[in-house]
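Below: the structure, in structure tokens.
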Amino acid sequence: MRKSVKVGNVVIGGGAPVSVQSMTTTKTADVERTISQIKRLERAGCEIIRVAVQDEEDAKAIRRIKEQIEIPLVADIQFDYRLAILSIDNGADKIRINPGNMSRDRLKDVVAAAKGKGIPIRVGANVGSIKRRTSERWKDLAESALEEVRLLEKEGFYDIVVSVKSSDILETIKANEYIAEKIEYPIHLGVTEAGVSETAVVKSSIAIGHLLLKNIGDTIRVSISGDPVREVIVGKKILIALGLREGVEVIACPTCGRAEIDVENMAKMIEENFFHVQKRLKIAVMGCVVNGIGEGKDADLGVAGLRDGAVIFVKGEIKERVSKEFVLERLKHYLNELLEEVER
Ligand code: SF4
């Protein structure tokens, strides 16, 4: 089993549930906007938030931000050791640094500050910043990260989280598999610069999903350009789909000429309404009863379209016919019954 670290009240590694994290897109010193974005992320299920620290203003803002948020905060520092120490002094629950960019004495100071507050440090490598040594870029990536780990170990620091990220999913997979063999520290997974919308979702799901299925990875960040709330939603969905987290999985038929209801919108509406439910349940949205009930029989609860309404079925058995405007209300009723049954 991997070692564990504690980031605020969240444990990473050591068999703890895989946590979902994200990064704010606001200027950190803009405290009001940063807090408001973090609150939206918290509501979406974000468990750890990272903020960029570019200058003293950003580092000092951490204290005020932390007063108003619930989840642990990670300060992301590129190379300035003073900003790392200032972030720690202002209450960061973890810092992300690049020890290779600091002199030994300065790294010693950062390590002393982190030890003093009992917070972990994340190190790692991105493919953009590595030194090329071999003909295999994934290996250079992994070795660069391991070098950073050794720099911290030399200072007697072992509260470490490691990441190796590339925008190429095969490199990300190989590099993570390699470091997982070499070290016991918890691993932060992600595909860097994954891109926009579907491309980012596909790349992240393949790389993160593959690694988690091999039991590699203790915390995840899905990178998607744009609103970070999407990163959290996709991250949670990856964990639910892998069976690593309890939650509602909405399955929907692809629709065809037989569809009698607007499957896409109904599935979206159901997802939005039941996303907060933390129980392992499947809800099926099927366009018609001809094949829908048979195809959706593995679901705990489902709806299938009729010409003049819909039928609701529970574990493959039809419970009632409803008109389309009452579908959500009746699904909620049956979902509550199922939840009571699960809790009994
Ligand atoms: S459930 Fe009905 S509408 Fe959906 S794909 Fe199957 S046959 Fe078509």
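Index from 1, following the sequence. Each ligand, and each atom within it, is numbered from 1 in the order the structure gives.
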Spell out, as yes or no, whether a donor-acceptor pair under 3.5 Å connects the side chain of Asp227 to the backbone of Arg230. no
Partners passing ring pair (Phe, Tyr, Trp, His ring centres under 6.0 Å) against Tyr178 (at least two apart in sequence or in another chain): Trp138
Between Lys165 and Glu171, is the side chain to side chain contact (heavy atoms under 4.5 Å, CB included) condition met? List the steps. CA-CA 8 Å; Lys165 295 186 180 184; Glu171 283 178 354; over 6 Å; no
Can Ile38 and Glu70 be said to form a side chain to side chain contact (heavy atoms under 4.5 Å, CB included), step by step? CA-CA 9 Å; Ile38 296 174; Glu70 308 291 328; over 6 Å; no
Considering residues at least two apart in sequence or located in another chain, which fulfil the salt bridge (charged side-chain N to carboxylate O under 4.0 Å, His left out) criterion with Arg2? none
Just jot down the side chain to side chain donor-acceptor pair (under 3.5 Å) partners of Glu231, sequence neighbours excluded, or say none. Ser22, Arg221
Which residues and atoms, counting only protein N, O or S, are under 2.8 Å from atom 2 (Fe) of ligand 1? Cys288 SG
